[in-house]
Amino acid sequence: MDFDHFHTGIEIQWWLRKWAHERPDIVDLYIVGESYSGQPIYQLTITDKSTGKDTDKPAAYFEGNRHSGETSSAESSLWLAHHLITQAGRDKKVDRLLDEKTVYIRPVNNPDGHDMYLYTAQTNRSTVRPYDNDGDGRRDEDPGEDLNGDGYLSQMRQYVGAGKGTHVVDERDPAGKAMLSVGAGKGDYLMFSEGTDNDGDGRYNEDGVGGLDLHRNYPYNWHVMPEDDATGRNLTQGGAGEYPLSEPETRHVYTWLMAHTNIGAVNSMDTRVPMHLRGPSTCDPDECMYSSDRKLYEHFDKAGVSFTGYRNAGSVYIDYATRNGGEPEALFGHGPDFGYFQYGAVWYGDEIWNGGDYVDYDKDGRYADWERSRWCAENGRTNCFLPWTKAEHPALGAVEIGGINPKFWSQNPSADLIGQWAANQARFNLYLTESLPQVDLTDVRVNKLRGSQDDGATHEITATVRNTGRIPTALEQAKEIKIVAPDTVTVEGARTVGAAPEFYLDGGDRQKVRLRLAKAGSDTVTVKAVSVRGGLDSTSVRLG
């Protein structure tokens, strides 16, 4: 498997089937549901089946390509799956991880959008479900058209004469490809997106394919879309969908997670800030998160940057919203907020790729097209910007079509760079998996009681349960919403007397427990540490 091209849907399915066929000892492949158009959505379970069921182990869930054009996230999901599967049996670190933990990987959560992006010139924000973006009562009636047949929907420029346009060729760009907006009546060119005004409203391509946003469709703090607010004055959320989980792609994630609460870490990846992105999305973390949970997230923020070098890491509400200045701004129905506040897990929605923003040449804290083009020119890259080519527009007449590559430079890296970005992101996801809680049962001792006991006990067992992971067996938020039952210790083969112990373990912590038994018919019993998110551990002891 190579990572110097973007894998099509057909290729991805081929690889998933190949892995499941060749490594049935560690791989299960199955369909979790269907997309809006009825395509199957595939998912892998990767774990060593000989050491226990997937649901008996701490688990992480990784998802790619929720948004149609954000194909880098699918590549990172594939890189992680490929690494685990091919290194199992060769790398002791991978073997230990698969012995103890489970990794669920959904490489392409939105196959409709993924196929559209790679097989056609079209792209969109998220899902292909038709939507009335321009509010004219019709859906998807004014998409872009690939007028020059190069496979992209890019930009059009029309030369109208000095002082008659809005843009000029940016003289700071040594390649002469970048355009600069200078205002009406000051430029030489008018700029348009590639296509025609299909609905005759004077605007170009303002109602393309789809328009909803699968990452605003989660149930926590979901808000209606602007057109559905009867008051006309409340806070709303564009792209939110008709109701929470209205979209099948989001709903299938929700139902899987709620049925697999052994999952303690999630990354549902996007592009292109780049950023290790997480909640909260509507409030200041210092005010609305438990401090211990927030500090754990801050640890992962720093760890993530050490793997990827992303410029940004932190919360949506503070760090993402203000990264270019301005005030905090809320996003509603956001996945990381559902993940923390309702699911009680460590949940990231990382943004892969930097949009070609490599060097801020003028040191103004922003990146412009001329800086992207200059970097490409200085590094011998010819595929960052599409050449301006002449074309005859049916309404405008003579135009030129070109500009920044909208798919494989602006939104995703070029094919020769995807492997590096996919691998770096996957290594952070591996770190999240390695950090999962893990119960370890140690120092189990049996004491035979003398004489008759008031509670009928004949033996007492003491044991120590340790969490060898970095993440607690339950975040403080998980305890509050009761999404995770307390950890406990049980005994099989004898009746316990009194209430079972209940506790939670922070990362690296331990708990000593005592259990009183009424002896059963067998001299050997099994003592088992039980944790929803920390897995299981057991040992057999003789009562004597």
Side-chain angles (χ1 to χ4, degrees), residues 52-61 100-102 104 220 256-266 289-297 299 338-347 432-446 455 457 459-518 525-541:
K53 296 191 302 182
D54 61 288
T55 50
D56 286 344
K57 301 178 184 181
Y61 169 86
E100 299 177 342
K101 297 173 174 63
T102 298
Y104 302 113
Y220 183 80
W256 177 268
L257 291 173
M258 295 305 293
H260 294 77
T261 47
N262 57 318
I263 295 170
V266 175
M289 293 182 74
Y290 284 98
S291 60
S292 59
D293 295 346
R294 176 176 50 79
K295 290 176 182 177
L296 182 66
Y297 267 108
H299 167 83
F338 160 73
Y340 175 69
F341 288 107
Q342 281 189 288
Y343 193 67
V346 174
W347 183 308
L432 287 174
T433 307
E434 292 164 354
S435 299
L436 289 168
Q438 186 84 51
V439 292
D440 180 39
L441 188 64
T442 62
D443 198 23
V444 181
R445 302 183 183 185
V446 179
D455 58 5
H459 294 76
E460 184 177 77
I461 291 179
T462 60
T464 298
V465 184
R466 184 167 60 108
N467 176 11
T468 61
R470 182 173 286 106
I471 298 173
T473 55
L475 300 183
E476 291 302 315
Q477 179 66 19
K479 298 176 191 176
E480 177 181 321
I481 59 175
K482 297 179 175 55
I483 189 72
V484 176
D487 307 328
T488 191
V489 176
T490 63
V491 177
E492 296 177 358
R495 180 173 61 86
T496 57
V497 178
E502 292 188 349
F503 50 91
Y504 293 105
L505 293 169
D506 287 339
D509 279 0
R510 62 187 66 213
Q511 175 78 31
K512 188 172 183 179
V513 298
R514 285 184 170 81
L515 299 100
R516 293 171 69 83
L517 309 180
V525 298
T526 300
V527 183
K528 182 180 292 185
V530 180
S531 175
V532 174
R533 290 193 171 153
L536 307 175
D537 193 23
S538 62
T539 187
S540 295
V541 295

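All values below were derived from every heavy atom in this structure, side-chain atoms included, with hydrogens, water molecules and symmetry-related copies excluded. Numbers here simply count residues along the sequence, with the first being 1. Because the structure is predicted, anything quoted here is derived from the model rather than measured.
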With side-chain contact (heavy atoms from CB on, under 4.5 Å) as the criterion, how do Lys53 and Thr102 come out once you've worked through the C-alpha distance, each side chain's angles and the decisive distance to 0.1 Å?
CA-CA 9 Å; Lys53 296 191 302 182; Thr102 298; over 6 Å; no
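- Note: Tyr343 and Trp347 have perpendicular aromatic rings, judged against thresholds of 30 and 60 degrees for the angle between ring planes.
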Begin with the C-alpha distance, continue with both residues' side-chain angles, and end with the deciding distance and a verdict on side-chain contact (heavy atoms from CB on, under 4.5 Å) for Val439 and Leu536.
CA-CA 6 Å; Val439 292; Leu536 307 175; 5.7 Å; no
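- Under the side-chain hydrogen bond (donor to acceptor under 3.5 Å, both in side chains) criterion, Asp56 pairs with no residue at all, not counting sequence neighbours.
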Between side-chain atoms of residues 507-518 and protein atoms elsewhere (two or more places apart, or another chain), which donor-acceptor pairs fall under 3.5 Å?
from, atom 1, to, atom 2, distance (Å)
Arg516, NE, Asp455, OD2, 2.7
Arg516, NH2, Gln453, OE1, 3.1
Arg516, NH2, Asp455, OD1, 3.3
Arg516, NH2, Asp455, OD2, 3.4

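- Thr433 pairs by the side-chain hydrogen bond (donor to acceptor under 3.5 Å, both in side chains) definition with nothing, not counting sequence neighbours.
- Using a 4.5 Å heavy-atom cutoff, the side chains of Glu100 and Asp440 are not in contact.
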Hey, mind stepping through Thr496 and Thr490 against side-chain contact (heavy atoms from CB on, under 4.5 Å) and telling me if it holds?
CA-CA 8 Å; Thr496 57; Thr490 63; over 6 Å; no
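- Put simply, the side chain of Asn262 reaches to within 4.5 Å of the side chain of Tyr104, judged on heavy atoms.
- Counting only distance, with no hydrogens or angles, the side chain of Gln342 and the backbone of Tyr220 share a donor-acceptor pair below 3.5 Å.
- Listed by chain and residue number, Arg470 satisfy the side-chain hydrogen bond (donor to acceptor under 3.5 Å, both in side chains) test with Ser435 (two or more places apart in sequence, or in another chain).
- Closest approach of Gln477 to Phe341, counting heavy atoms only: NE2-O, 2.9 Å.
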Can you check side-chain contact (heavy atoms from CB on, under 4.5 Å) on Asn467 and Asp506, steps first, answer last?
CA-CA 7 Å; Asn467 176 11; Asp506 287 339; 5.9 Å; no
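- A search for side-chain hydrogen bond (donor to acceptor under 3.5 Å, both in side chains) contacts involving Lys101 returns Gln438, not counting sequence neighbours.
- Side chains of Thr473 and Asp487: a donor-acceptor N/O pair is present below 3.5 angstrom, by distance only.
- No side-chain donor-acceptor contact under 3.5 Å links Asp443 to the backbone of Thr464.
- Nearest heavy atom pair, residue Ala478 against residue Gly344, reads CB-O, 3.6 Å.
- Contact record, Ala463 with Val444: CB-CG2, 3.8 Å, taken as the closest heavy-atom pair.
- Among all heavy-atom pairs drawn from Pro58 and Pro437, the shortest one is CG-O, 3.0 Å.
- A perpendicular orientation is assigned to the rings of Tyr340 and Tyr297, their planes being inclined by more than 60° (bins at 30° and 60°).
- Side-chain atoms of Asp537 come within 3.5 Å of backbone N or O of Leu441 as a donor-acceptor pair.
- Shown here are the side-chain contact (heavy atoms from CB on, under 4.5 Å) partners of Val532, two or more places apart in sequence or in another chain: Thr261, Val484, Ala485.
- Shown here for Val465 and Ala529, the closest heavy-atom pair between the two residues is CG1-CB, 4.1 Å.
- Scanning all heavy atoms of the two residues, the minimum distance from Met258 to Ile483 falls at CE-CD1, 3.8 Å.
- Counting heavy atoms from C-beta outward, Pro472 and Leu296 have side chains that approach closer than 4.5 Å.
- For the side-chain hydrogen bond (donor to acceptor under 3.5 Å, both in side chains) test with Tyr290, the passing option among Lys295, Glu480, Glu476 is Glu480; the others fail.
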